[in-house]
Amino acid sequence: MSRSALLVLADGRFPAGGHAHSGGAEAAVKAGRLTDAAGLEAFCRGRLHTVGLTAAGLAAGAAAGLDPHELDTVADAQNPSPALRAASRRLGRQLMRAARAAWPDPGLDALAAAFPRGAHQPVVLGTAARAAGLGPEHAAHCVAYETVGGPATAVVRLLGLDPYQATAVLARLAPEMDEVAAHAATAARQGVDALPAGSAPLLDITAEQHAAWPVRLFAS
């Protein structure tokens, strides 16, 4: 397993499209629920332990070799928001293009052929991790980090938040990211039925509202 491959996959400069999505932070800022570094930390913590854990489980499952078609069906069932389902598939499609260029692999080719409009992003990420020689824990760590890293970056742009404060939030959340990744990887080894299924209804509701905005900075 290559630690360098993990760094490439988790790098914010990897052309997977995540920079265009705020993870719900834009809607939270507009609603006045996220106004400073303390609010960012609370928002990221809640996101990490709900939808982050769920997505990490899916990615870990794909990296562990669970059926990606079944995982994609599970991802659909776990996400009640049409806007977020569509965003996940768009991100999955873009990640697939980057992953196939970086790590040519029959598993990625088969998944791309089965889902020409894009499989869900965590399933693609886990499949990419497997193609790169990484394991379930690595895939889960990637998801845990991007779950909080995306909103942190977005809030710097949305609020003009001091980037040092945003980075400090991520550093404080690091032990919890490790916990989430370990939980997800352990569940993945037990099969699809053991995968976590946390939810964040407010994120679903605000995602639908955000999708209807005529002007917005982020895609979701």
Side-chain angles (χ1 to χ4, degrees), residues 2 4-27 47-48 51-52 54-63 66 68-76 78-79 81-134 136 138-158 184 203-204 207-208 210-211 213 216-220:
S2 170
S4 295
L6 174 61
L7 294 175
V8 171
L9 186 59
D11 193 334
R13 292 164 293 188
F14 192 73
H19 66 279
H21 296 259
S22 75
E26 185 169 22
R47 183 171 159 77
L48 176 64
V51 296
T54 300
L58 292 166
L66 299 182
H69 297 78
E70 186 175 4
L71 291 171
D72 194 82
T73 299
V74 170
D76 243 7
Q78 289 175 338
N79 193 339
S81 164
L84 291 180
R85 287 199 301 270
S88 178
R89 291 196 182 279
R90 285 197 302 271
L91 285 167
R93 187 167 62 247
Q94 187 157 343
L95 173 59
M96 178 65 77
R97 292 178 63 190
R100 292 175 78 187
W103 301 288
D105 179 78
L108 286 169
D109 294 341
L111 188 61
F115 297 94
R117 295 186 177 182
H120 280 290
Q121 193 265 3
V123 180
V124 178
L125 191 150
T127 306
R130 186 175 176 86
L134 301 171
H138 298 106
H141 269 105
C142 282
V143 172
Y145 178 73
E146 71 178 16
T147 294
V148 297
T153 300
V155 169
V156 170
R157 296 169 64 185
L158 290 163
L203 285 179
D204 298 327
E208 293 302 307
H210 181 272
W213 292 1
R216 57 183 185 268
L217 183 60
F218 291 93
S220 72

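What's counted below: heavy atoms across the whole structure, side chains too, no hydrogens, waters or symmetry copies. Since this is a predicted model, take the numbers as computed values, not measurements.
Residues N79 and D204 meet the side-chain proximity criterion, which asks for heavy atoms closer than 4.5 Å. Counting heavy atoms from C-beta outward, R157 and L217 have side chains that approach closer than 4.5 Å. Annotation: side chain of F14 is not in contact with side chain of L7 (no heavy-atom distance under 4.5 Å). At least one side-chain heavy atom of R90 sits less than 4.5 Å from a side-chain heavy atom of R93.
Side-chain atoms of R97 do not come within 3.5 Å of backbone N or O of Q94 as any donor-acceptor pair. Panel note: side chain R130, backbone A62; no donor-acceptor pair is recorded below 3.5 Å. Between the side chain of S22 and the main chain of S220, a donor-acceptor pair closer than 3.5 Å is present.
Here the straight-line distance linking atom CD of E26 with atom CG of L158 works out to 5.5 Å at 0.5 Å rounding. Taken to the nearest 0.5 Å, the NE2 atom of H21 stands 10.0 Å off from the CZ atom of F218. Distance check: T127 OG1 to D105 CG gives 8.5 Å after rounding to the nearest 0.5 Å. Distance CG/D72 to CG/L111: 7.5 Å, rounded to 0.5 Å. Taken to the nearest 0.5 Å, the OH atom of Y145 stands 11.5 Å off from the CG atom of L6.
A128 approaches A99 most closely through the heavy-atom pair CB-CB, 3.7 Å. In this structure, A60 and A140 approach most closely via the heavy-atom pair CB-CB, 4.3 Å. The minimum heavy-atom distance between L125 and C142, with the atom names listed, is CD2-CB, 3.9 Å. In plain terms, the two heavy atoms of L203 and L84 that are nearest each other are O-CD1, 4.1 Å. In terms of heavy-atom proximity, A59 sits nearest to V143 at CB-CG2, 3.5 Å. Looking at every heavy atom in both residues, P122 comes nearest to L58 through CB-CB, 3.9 Å.
For the side chain to side chain donor-acceptor pair (under 3.5 Å) condition, the pairs that include at least one residue of residues 108-125, sequence neighbours left out, are D76-H120, S88-H120, R89-H120, R100-D109, Q121-E146.
Using the six-membered ring where Trp is involved, H69 and F115 have ring planes that are tilted, between 30° and 60° apart.
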